[in-house]
Amino acid sequence: MRALPPLNALRVFEAAGKQLSFTQAAHVLNVTQGAVSRQIKQLEDYLGVPLFIRLHHRLELTDAGRQLLSKLEQSFNLMEGAVQELRDPNQRQKLNILVPPTYATRWLAPRLSDFHHRFRELELSVQDQANDQIIFDCQIRFGQTARPQHYSELLVLEQHIAVCAPQLLEQARHLEQENHNLLHILHQGKRLPVWDNWLQAAGLLDRIDPARGMEFSTLDQVINAVKGGAGFAIIDKQMISHELADGSLIQFSDTEVSGPAGYWLDIVNDRQGLAKVIHFTDWLREATLTIS
């Protein structure tokens, strides 16, 4: 048997924690305020720690309360999803995946016709932002390390090359001689060190300041700025294969830098055995190997 407090007490706590009000929680649950207070008291007695700080006319969660609320929301979402899959057979065939926007647009989307052809029974939902209302079956994530408490597999490392628009090719050959505009990509509010790494590999770090230039919040913005002649950029060549092929971007140096970041496939433990997840991950590995 699992050592758990009554499920109803946990449900009451989740409602009260979200509302930060016993009165509003009682309204949501269609019970009395006294019933909510009793359930919270019983849960606090069971856990041996206070969950709320009771202030005049308002509540605040304690550190323990915030921690419990976060875990309960995740757990109830999973339980709701499991029940919904049984109630709605079609829901079992819907695959929800969380994918970075540039990867989704430039790498995944152009290949999904093959996935649809092979797995017509699966309905795919590709989203680029986390949503508490959706249980994601798996996630493709940009990063450098495996994700704890998940099945986490590195799909591909970034392969960085230096590129510019065709009209800037002559200037690019003398990059260290002039104060040219370097374009930077931001990740989680910070510049990725791709220029530093590339200049180090090219032996130019002591001659070119990697801090200068413009910065952008998405890789697509950087790519469009480079194509428009705004400056020079270090970009993962797997994301700009079409631009390199049609000549709208030119690689102006043979220096390439692998990693250190790449794209990872993350799957929470309770989704690994689902057939729809297995189909997608097998297809994803095959598609990745095809272009590696």
From Met214 atom CE to Asn181 atom CG, the distance as rounded to the nearest 0.5 Å: 4.5 Å
ILVMFWY cluster, Leu289 and Leu154 together (side-chain gap under 4.5 Å): no
Check: Ile278 main-chain N/O paired with Thr281 side-chain donor or acceptor under 3.5 Å: yes
Separation between SG of Cys164 and CD1 of Ile235, rounded to the nearest 0.5 Å: 10.5 Å
Linked, directly or transitively: Leu98 and Leu112 (ILVMFWY side chains, under 4.5 Å): no
Distance-only polar pair, side chains of Glu153 and Tyr151, donor-acceptor under 3.5 Å: yes
Leu244 and Val163: CA distance, side-chain angles, deciding distance, side chain to side chain contact (heavy atoms under 4.5 Å, CB included) verdict: CA-CA 9 Å; Leu244 293 172; Val163 295; 4.3 Å; yes
Side chain to side chain contact (heavy atoms under 4.5 Å, CB included) between Leu95 and Glu123, intermediate numbers included: CA-CA 6 Å; Leu95 181 71; Glu123 179 184 342; over 6 Å; no
Contact check, side chains of Pro101 and Asp220, non-hydrogen atoms, under 4.5 Å: no
Check ion pair Arg66-Glu60 (N to O, under 4.0 angstrom): no
Transitive ILVMFWY side-chain link Leu186 to Val222, under 4.5 Å: no
Reference residue Phe232; test ring-ring contact (aromatic ring centres under 6.0 Å, His included); the match among His174, His180, His184: His180
Residue Gln74 excluded, over 12 heavy atoms near CD under 6.0 Å: yes
Euclidean distance, Leu169 CG relative to Leu249 CG, rounded to 0.5 Å: 12.0 Å
Verdict with reasoning, Asn96 to Lys94, per side chain to side chain contact (heavy atoms under 4.5 Å, CB included): CA-CA 6 Å; Asn96 296 306; Lys94 186 172 185 177; 3.7 Å; yes
Under-4.0 Å salt bridge between Glu256 and Lys237: yes
Between Arg147 and Gln139, a side-chain donor and acceptor under 3.5 Å: yes
Asp266: which of His150, Gln149, Arg141 passes side chain to side chain donor-acceptor pair (under 3.5 Å): Arg141
Could you go through residues 198-209 and list every donor-acceptor pair under 3.5 Å that involves a side-chain atom there, pairing it with any protein atom two or more places apart or in another chain?
from   : atom 1 : to     : atom 2 : distance (Å)
Trp198 : NE1    : Thr255 : O      : 3.0
Arg207 : NH2    : Gly203 : O      : 3.4
Asp209 : OD1    : Ala211 : N      : 3.0

Main-chain N/O of Leu124 paired with His116 side-chain donor or acceptor, under 3.5 Å: no
Rounded distance [0.5 Å steps], NZ in Lys276 versus CD1 in Ile97: 11.5 Å
Whether Gln221 side chain and Ser217 backbone form a donor-acceptor pair below 3.5 Å: yes
Short side-chain donor-acceptor distance under 3.5 Å, Ser248 and Asp246: yes
Student check: side-chain heavy atoms of Trp264 and Ile140 closer than 4.5 Å: no
Charged tip of Arg111 within 45° of Trp107 ring normal and under 6.0 Å: yes
Spacing of NZ belonging to Lys41 relative to CG belonging to Asp45, to within rounding of 0.5 Å: 3.5 Å
Distance-only side-chain donor-acceptor flag, Gln33 / Ser37, under 3.5 Å: no
Exceeds 12 heavy-atom contacts within 6.0 angstrom, atom CD of Gln167: yes
Shared hydrophobic cluster, Val126 / Leu265 (ILVMFWY, side-chain heavy atoms < 4.5 Å): yes
Step-by-step side chain to side chain contact (heavy atoms under 4.5 Å, CB included) determination, Asp137 to Val268: CA-CA 8 Å; Asp137 297 296; Val268 293; over 6 Å; no
Transitive ILVMFWY cluster of Ile53, excluding itself - 4.5 Å side-chain cut-off: Leu55
Asp254, CG atom: more than 12 neighbouring heavy atoms under 6.0 Å: no
Side-chain ion pair, Arg11 and Glu73, N-O less than 4.0 Å: no
Donor-acceptor contact below 3.5 Å, side chain Glu44 vs main chain Leu51: yes
Chi angles and distances behind the salt bridge (charged side-chain N to carboxylate O under 4.0 Å, His left out) call for Glu286, Arg118: CA-CA 13 Å; Glu286 181 182 328; Arg118 293 169 61 178; 3.3 Å; yes
Backbone of Leu183 reached by a side-chain donor or acceptor of Trp195 within 3.5 Å: yes
Near-ring test Phe280/Phe115, centroid separation under 6.0 angstrom: yes
Heavy atoms from other residues, nucleotides or ligands near NE2 of His117 exceed 12 (cutoff 6.0 Å): no
Ile250 CD1 to Glu243 CD distance, which is reported to the nearest 0.5 Å: 11.5 Å
